[in-house]
Amino acid sequence: MEEILKHNELSIEKSRPGRRGVRFETTQKHAADYLPAAYLRRQKPNLPELSEFDTVRHFTRLSQLNYSLDAQFYPLGSCTMKYNPKAYDVLSVLPGFANAHPFAPQSAVQGTLKALYELQEGLKAITGLAAFTLQPAAGAHGELTGILTVRAYHDSRKDWDRTEVIVPDTAHGTNPATANMAGYTVVNIKSGADGCVDLQTLQAALSHKTAAVMLTVPNTVGLFEKNIRQIAEMVHKAGALLYMDGANFNALIGLAKPADFGVDVMHLNLHKTFAAPHGGGGPGSGPVGAAAHVAKFLPKPFVVCENGVYRLEADRAESIGKMKAFYGNAAVCLRGLCYLKQFDGKTLKTIAEKAILNANYVRAKLKGKFNAFFDTNCMHECVLSIDPHVMNGVHTSDVAKRLLDYGFYAPTIYFPLIVPEALMIEPTETESKEMLDAFVAALEKIYEEIQTEPDVVKAAPHTQCVERIDEVSAARQPNLRW
Amino acid sequence: MFIPHTIQDEQEMLHAIGVNSLEDLLQQIPADLRTCAFHLPQALTEQALSAHLRELASQNKSLKNFIGAGCYEHFIPAAVPALSSRGEFLTAYTPYQAEASQGTLQTIYEFQSCICALFDMDVATASHYDGATALAEAVLAAHRVTGLREIIISPLLHPHYQEVLKTYTQHSGVTLTYAKATAQGTLDVEALKMQVSDQTACVVLPNPNFLGYIEQAEAVSQIAHSCGALLVAVVNPISLGVLQTPGAYQADFAVAEGQVLGNPMNFGGPGLGILTAKKAYMRQLPGRMVGIAKDKQGRRAFVLTLQAREQHIRREKAASNICSNEAICALNAVIYLTLLGPQGLQEVAELNVERAHKLAEQIGQVSGFHVQQDSPFFNEFVVTCPRPAAEVIEKMAAKGFAAGYDLGENRLLVCATEMCTEADIKAYAQALGEI
Ligand SMILES: Cc1ncc(COP(=O)(O)O)c(C=O)c1O
């Protein structure tokens with residue numbers, strides 16, 4: 001059918017001179033009456049002119065071009081796309097919270113401070129770590145906070161020789177990028193044949209130059225680092241610290257405490273494990289926890305409580321300083337607090353248990369058609385590998401695109417890098433058996449198609465508002481704005 | 001609540017996996033690491049949770065706000081949160097599968113376009129964490145571009161931005177040097193001339209500056225460029241409804257806190273880091289960018305582009321480690337800008353100018369209070385009080401006002417946006433007179 005209503009018309013293309021979406025009170029005088037002409041803008045900006053209704057329809061239509069967790073299964077590995085409870089949408093932006101100014105007198109923001117304090121304490125309880133800062137705005141921001149904290153620790157001991165950070169080849173790209181930003185040389189180590197850290201390789205890489213080892217637990221192939229305690233011992237013996245990327249904490253919550261593993265510093269992603277929505281890319285929140293011997297280096301300020309009064313404590317001489325203006329993504333922290341409050345010491349572990357159950361169920365059901373790269377029980381996610389040679393030339397990206405046609409968002413693909421043609425599936429605990437069965441059925445159907453009509457798979461998607469996009473075309477002569 | 005498994009589901013699933021119990025699946029974690037106890041308060045139902053959060057929210061006092069200092073209270077049209085809170089936007093991930101994420105991608109493209117138009121800059125990223133971290137990234141980019149180490153910073157940069165800049169750059173090899181300020185609350189342009197050299201990577205110019213005053217940006221820009229240094233401007237996006245743009249005064253990078261564009265204050269977070277640059281520096285920018293591509297049919301489509309700068313491709317060689325950003329805040333901003341349009345933006349900026357000047361006039365009439373207005377200001381300015389600012393703030397809080405930001409000693413930084421009506425302004429001045 002001919003497209004009469006263009007699905008992707010830009011707001012600026014819908015713009016009509018003189019249309020308005022909002023009116024403000026009129027001023028008595030103009031800016032030019034208050035300010036010197038040299039300081040004023042000469043030309044109005046080229047912004048769209050739309051009515052309120054135009055705007056509502058424009059963005060509502062755009063929203064409908066998205067796959068989202070609310071509407072689709074979203075098995076994006078490493079991203080923990082679990083249900084985002086609707087109550088938190090309301091409770092995290094109650095006017096009392098939303099209208100709080102970060103520099104309001106502290107007596108006027110006791111509610112917010114108390115909430116942040118409760119979250120800090122809760123995160124301490126579930127990780128076993130001595131202190132938590134809520135300042136980082138995302139996981140990667142938490143990593144940088146954590147590694148700068150590590151650096152401050154070594155510097156305080158005048159241990160200046162430590163210039164390296166060891167990162168396994170399974171690590172997320174943010175880990176090596178973080179170490180580099182903190183001024184460290186990255187030492188990449190190869191994982192063992194079982195997908196875990198190889199102790200000999202690690203031992204060979206550790207030295208008096210090692211500042212930290214960054215480890216994701218469970219790792220990005222979905223496996224628990226079974227030698228974690230030994231690794232921690234080796235790291236500590238070398239005088240280095242163990243940093244844990246807690247992006248995958250959904251597999252551990254309520255089951256085990258990173259402090260017991262020997263972790264010195266770690267970050268959590270509230271926008272993963274703690275049910276805050278991803279928002280198409282953010283905002284998130286990446287609290288960083290530290291064991292007692294490193295806690296004093298965490299960024300300032302902290303929320304402290306004295307005699308029932310909460311306040312921001314900035315008097316911390318050895319702190320690395322501030323990582324962000326103000327005090328963290330408070331509105332996201334409130335969502336994290338809401339989530340934490342809905343579980344207790346007994347029920348917390350059901351999150352991890354069911355996440356693990358779901359991932360293993362998908363792995364087991366797909367076996368024989370799509371196999372896991374490491375053929376063992378997994379934690380919260382399973383990583384499959386597709387071999388184009390036995391799949392009629394079909395690649396992982398083709399399977400991913402074809403899943404869109406069946407109404408599923410695609411798993412994470414081509415990550416981790418050690419798995420060829422990786423397809424990383426993280427169902428999370430909030431998906432039902434029926435949904436997992438439907439997803440498995442779709443993949444089985446795609447498997448059949450690969451045998452009988454692989455070109456259909458290679459040309460997917462066929463049902464979206466656009467067909468497959470040539471991503472390279474965008475980088476050639478970038479068009480990044482109207 | 002959020003876990004749908006029935007006992008029967010669980011049994012069937014365990015059977016399909018080929019294990020007898022959940023316990024079997026957990027064996028991967030050494031048993032001695034699984035014996036710990038979790039001491040948490042009793043779990044709350046949604047109803048109890050709602051009561052708890054409402055109780056906490058009620059412990060925040062609602063004061064009539066006259067504080068700015070980097071976080072501003074502005075009017076947010078209802079359509080902004082109504083649209084951005086749609087689950088289709090809120091519960092999507094970063095748009096990795098472009099074909100199923102055209103909505104988010106197009107909104108980011110429109111955000112980048114609106115920001116470039118507002119700032120008169122060539123390129124904008126999809127967003128950064130906040131204004132302070134966006135500034136840190138711009139400074140690091142200026143260092144990479146020029147290969148020079150000296151960063152000259154206006155002392156009238158937001159104190160938190162100064163601290164963040166210090167934390168971010170401490171191991172990057174750059175040195176932070178402060179310029180001088182005049183008694184009029186602006187950058188000392190003459191002193192700057194003596195300070196810049198061929199060793200200077202960039203000059204960081206907040207405009208309006210932290211005290212609210214508007215800088216001679218063109219002059220500063222010329223001084224920086226005359227010795228080959230770059231200009232990094234830190235601006236207030238709302239002010240650009242009336243003020244000269246960073247593009248007009250040839251800023252090489254311009255950054256901002258975009259919270260003011262349709263986002264609530266939320267105790268300062270999430271913010272919205274806006275990061276823009278001249279085209280020449282496009283490939284030095286950290287973070288995501290959306291561009292136009294074509295689908296197989298040759299139709300226009302939107303994708304994440306220039307990803308060769310980013311951590312998931314470049315790892316330790318990436319421009320930055322940033323991954324998640326502040327997409328929903330950017331969405332709020334683009335909806336806000338679309339609703340206001342060029343006319344609305346000018347109106348709200350003019351209202352800010354007018355209300356702030358009325359406030360200055362009223363405060364100036366209160367005996368003992370002196371308004372510093374030797375330099376032009378946008379919506380914020382300095383007041384010298386007859387007693388310590390901390391005391392004024394405390395007494396004003398008792399009267400229902402958040403009086404301003406304590407600059408130390410008797411100096412108070414005061415702000416009026418369009419949210420302060422003329423009646424509020426009169427009441428504020430009257431209260432000042434009574435304390
Ligand atoms: C293992 C891992 N580490 C770190 C990150 C970075 O987190 P963020 O995107 O919140 O910065 C991610 C996110 O994708 C991740 O999966």
Side-chain angles (χ1 to χ4, degrees), chain A residues 21 24 27 31 44-46 49 59 62-63 65-70 91 94 96 98 100 102 105 108 110-111 137-138 140 173 176-178 180 183 186 224 256 277-284 321-322 325-326 329-331 341 344-345 361 364 432-433 464 466-467 469 473-474 479 481-482, chain B residues 4 9 13 17 28 33 38 43 53 56-57 59-61 83 86-88 90-94 99-100 102-104 113 116-118 129 132 160 163 167 171 242 264 266-270 291-293 295-296 301 305 311-312 315-316 318 321 323-328 339 341-342 347 354 397:
Chain A
F24 289 91
T27 49
K44 280 189 193 160
N46 183 24
E49 295 180 72
F59 287 100
L62 284 182
S63 79
L65 302 181
N66 267 3
Y67 272 22
S68 66
L69 181 58
D70 272 3
L91 299 176
L94 290 171
Q110 285 295 299
T178 294
N180 179 51
V186 176
F224 190 82
H278 285 261
K322 283 185 75 67
F326 313 120
N329 282 352
K341 289 258 167 214
D344 56 30
Y361 181 68
S432 65
K433 178 172 176 293
Q464 304 299 303
V466 288
E467 288 196 36
I469 301 170
S473 68
N479 174 340
R481 55 169 298 191
W482 60 59
Chain B
D9 288 341
M13 292 170 81
I17 297 167
Q28 307 164 68
L33 291 178
F38 293 86
L53 268 283
L56 286 174
Q59 288 172 21
N60 282 354
K61 288 197 199 108
L83 291 166
R86 290 180 63 88
E88 297 93 329
L90 194 62
T91 71
Y93 201 80
T94 300
E99 295 85 353
Q102 286 296 297
T104 291
S113 301
C116 286
L118 185 58
Y129 304 135
H160 283 190
E163 289 187 57
T167 319
H171 304 299
V242 293
N266 279 329
F267 199 56
I292 288 187
D295 80 348
K296 274 204 311 210
T305 192
Q311 47 76 27
H312 61 286
R315 298 179 76 84
E316 61 266 29
N321 70 341
C323 183
S324 291
N325 52 32
E326 312 291 296
I328 284 292
L339 281 168
E347 283 176 12
E354 184 157 288

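These numbers come from the heavy atoms of this one structure, side chains and all, not from hydrogens, waters or symmetry mates. Just so we're on the same page: letters track the sequence lines, and every chain starts at 1. Predicted, not measured: the structure shown is a model, and the values here were computed from it.
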Enquirer: Could you check which of B/L53, B/T305, B/D295 has the highest count of heavy-atom pairs closer than 4.5 Å to chain A?
Expert: B/D295
Enquirer: Counting only non-hydrogen atoms closer than 4.5 Å, does A/L91 touch chain B with its backbone (N, CA, C, O), its side chain (CB onward), both, or neither?
Expert: both
Enquirer: Look only at the side chain of A/S473 and the backbone of B/A293, and say whether a donor-acceptor pair between them is shorter than 3.5 Å.
Expert: no
Enquirer: A/L94, A/T27, A/L69: which one forms the most heavy-atom pairs within less than 4.5 Å of chain B?
Expert: A/T27
Enquirer: If you count heavy-atom pairs under 4.5 Å with chain B, which of A/A177, A/A31, A/G21 comes out on top?
Expert: A/A177
Enquirer: Under a 4.5 Å heavy-atom cutoff, which of B/A397, B/P342, B/C323 has the most pairs with chain A?
Expert: B/P342
Enquirer: Who among A/A98, A/P45, A/P277 has the most heavy-atom pairs with chain B under 4.5 Å?
Expert: A/A98
Enquirer: What part of B/S324 gets closer than 4.5 Å to chain A, counting heavy atoms only: side chain, backbone, both or neither?
Expert: both
Enquirer: Pick one of side chain, backbone, both or neither for B/A100, based on which atoms fall under 4.5 Å of a heavy atom in chain A.
Expert: both
Enquirer: What are the two closest non-hydrogen atoms of A/Y67 and A/Q464, and how far apart are they?
Expert: OH-NE2, 3.1 Å
Enquirer: Report which part of B/L83 has an atom under 4.5 Å of a heavy atom belonging to chain A: side chain, backbone, both, or neither.
Expert: side chain
Enquirer: Using a cut-off of under 4.5 Å on heavy-atom pairs, state which of B/P4, B/A92, B/G87, B/A117 scores highest against chain A.
Expert: B/A92
Enquirer: If you round to the nearest 0.5 Å, how far is CG of A/D70 from CG of B/L90?
Expert: 7.5 Å
Enquirer: Hey, could you give me the CG/CZ distance between B/L339 and A/F59, rounded to the nearest 0.5 Å?
Expert: 8.0 Å
Enquirer: How far does CD of B/Q59 sit from CD of A/Q110, to the nearest 0.5 angstrom?
Expert: 7.5 Å
Enquirer: Counting heavy-atom pairs under 4.5 Å with chain B, which one of A/N180, A/L65, A/T178, A/N479 comes out on top?
Expert: A/N479
Enquirer: Looking only at heavy atoms and a cut-off of under 4.5 Å, which of A/A330, A/P105, A/G284 has the most pairs with chain B?
Expert: A/A330
Enquirer: Tell me which of these, B/K296, B/H171, B/K61, B/Q102, has more heavy-atom pairs under 4.5 Å with chain A than the rest.
Expert: B/H171
Enquirer: How many angstroms lie between CG in B/L33 and CZ in A/F224, if you round to the nearest 0.5 Å?
Expert: 5.5 Å
Enquirer: So which residue, B/S113, B/G341, B/C116, ends up with the most heavy-atom pairs under 4.5 Å with chain A?
Expert: B/S113
Enquirer: Can a donor-acceptor pair be found, under 3.5 Å and without considering hydrogens, that links the side chain of A/N66 to the backbone of B/E88?
Expert: yes
Enquirer: Rounded at 0.5 Å granularity, tell me how far OG1 in B/T94 sits from CG in B/N325.
Expert: 6.5 Å
Enquirer: Mind listing the closest non-hydrogen atom pair of A/K433 and A/Y361 along with its distance?
Expert: CE-OH, 3.5 Å
Enquirer: Distance check, rounded to the nearest 0.5 Å: B/N321 atom CG versus B/Q311 atom CD?
Expert: 7.5 Å
Enquirer: Under 4.5 Å heavy-atom distance to chain A, tell me which part of B/R315 shows up: side chain, backbone, both or neither.
Expert: both
Enquirer: Out of A/A138, A/P283, A/G96, which one racks up the most heavy-atom pairs below 4.5 Å with chain B?
Expert: A/P283
